[in-house]
Amino acid sequence: MQKKTSTPYLLLANIGQLLTLQGENAPRRRRALLETGLIEDAAILCGGGKVLATGKQRELLRDPWLKTNRRKVQEFDCERGVVLPGLIDCHTHPVFAEPRLVDFEKRIAGAGYEEIAAAGGGIRSSVAAVRQSSRGELSKKVLAALNAMLEQGTSVVEAKSGYGLTPEDEIKSLEAIRNAARQWPGEVQATLLAAHVVPQEYAGRADEYVRVVCEEIIPLVARKKLAKYVDVFCERGAFTLEQSEKILAAARHHGLDTRAHVCQFTASRLSGLLQHKPASLDHMDCVHVEDISLLAGGDTVAVLLPGANYFLGHKEFPNARGLIDAGVPLALATDYNPGTSPTPSMPFVISLACTHMRMSPAEAIGASTMNAACALHLQDRKGSVEAGKDADLAVFDVKDYREIAYWFGWNRCVEMVVAGQKVKQ
Ligand SMILES: [Zn+2]
C-alpha cells in the first residue's frame, strides 16, 4: 500500500457488495463481460485521488498502516449498499439550448425522424438556438446536465459539440464544455462533432461544408486543444461514407482521435471507417453481418444507445446479444441530447439494456464501466476499482447490484466519490 500523499484518506466501509471489475485493462468480450469482480463485506481505502486498497473489510482493517493512522482517515459508512466504479457515459450531446417539444409532439402524432428534419425540426432547430446563445449560457446548461449525470452515478462523460456548425459556434460549444468541466468534479472528454448534419446554408453543397470541417474547423480545434476526438454522423441525410472518411482522416492528420455515429437507421459497411482506428462506432442498430466478425477482431468499441430507440418509440433495439456472442466489445451510453434521448441517467440505460436487449445486469454494468472506459481510451485509469486507479466510485442504496437495473426511473445512487473525495452529501 502506498501512503506517501498528504491529501486526506477516505475509507469506504460496510459495503455489502463491491463490484471491482478487476481484470485486464482491456475491453471485456463474451463471457468476460459477465465478470464483475464481486467482493462481499468489502471496504475501499482511497488516498491522493487514487484507490490504495480494496478487499474484504475485516482483512483491510488489519492493515498495520491503517491501524496506526486511523485518525487521519475519514470514514464513510456505505450501510451495506453496493459500490461500483463511477459510471462512464461515453456518448453525450450536452451543448444545446432548449428541449425539442414540437418534435416530441409531432413524433407522438406519427411523424418520423427524417420527416421532422425535413420540416425544419430535428438537429437544425437546435442549431438555430445554439447560434443565438452565448458561451456562458451554454456552459450553464452543460454544467446542469453534468450535475444531473453525477447525481445518478456517472463520473466520466464524453461530451460532443455539434449544434453550432460554423467555426465560431463549434468553438463556442467546445469552450462551453471546457468551462463547465472545470466546475465539475468528474472528468469530461470533449469531442468535435461539426459533421453532425449539413447546415442549412450549405444545403445541396455538402462537400463544401465537409471542406470547411476538414480545412478550417478541425485544424482550429486541434490548435486550441479543445477536443480529444472528432466524430461524424455517417447516415442517410447526414454524411456519406466517403465524406465521413475524409473527416476522420483530417482528424488524425491533426493529431485527434476518432469516433463515428453509424448504422443507426441504415447499414453502412464499416471497413473504410475502421481504417481510421475509431475508438468507438456508435448506435450500431443495423450492422452488416460480415462486419460483426471484423469488429470482433479489433479494439474499436461498439457503443449502443438504447435510450434513443426508447425515446423514438422504436420496437427494434440494437442486437446486443449477437454482438456480444460474436466477441465484439460493447459499451452503453445515454446519447443525452434534445431530440432523441433527453436522459442523463446511466442506470436507466442499464435497465433498458436488460429489458430490451437481453443483456444481464452484470453485462450492462461491465458495458458502462470498463468497456466504456476503453471506448474513451481511459482504461488505464478508470473503469475498475483497484489499487492505483482513480478513486471514482458510485454508492447505491441497494443490497444487490442487480437492483441497479431493476428499479428503473428511481435514482438509488446515494453518494459519489470522485478522485477520492465525496461529492454528493
Ligand atoms: Zn449521438
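Note that ligands are numbered from 1 as they come in the structure, with each ligand's atoms numbered from 1 the same way.
An angle of 100° is found at the Zn ion (ligand 1) between H93 atom NE2 and H261 atom NE2, rounded to 10°.
More than 12 heavy atoms of other residues, nucleotides or ligands lie within 6.0 Å of CZ in R131, so this atom counts as buried by the packing criterion.
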Mind running side chain to side chain contact (heavy atoms under 4.5 Å, CB included) on E158 and K228 for me, showing each step along the way? CA-CA 10 Å; E158 184 265 10; K228 183 177 173 195; over 6 Å; no
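Metal site remark for the Zn ion (ligand 1): D335 contributes an N, O or S atom at a distance under 2.8 Å. For the Zn ion (ligand 1), the N/O/S atoms of H283 include none lying under 2.8 Å.
You'll find the ring centres of Y310 and F317 outside the 6.0 Å limit.
Between H261 and H91, the ring planes lie perpendicular to each other; the angle is over 60°, past the 30° to 60° tilted range.
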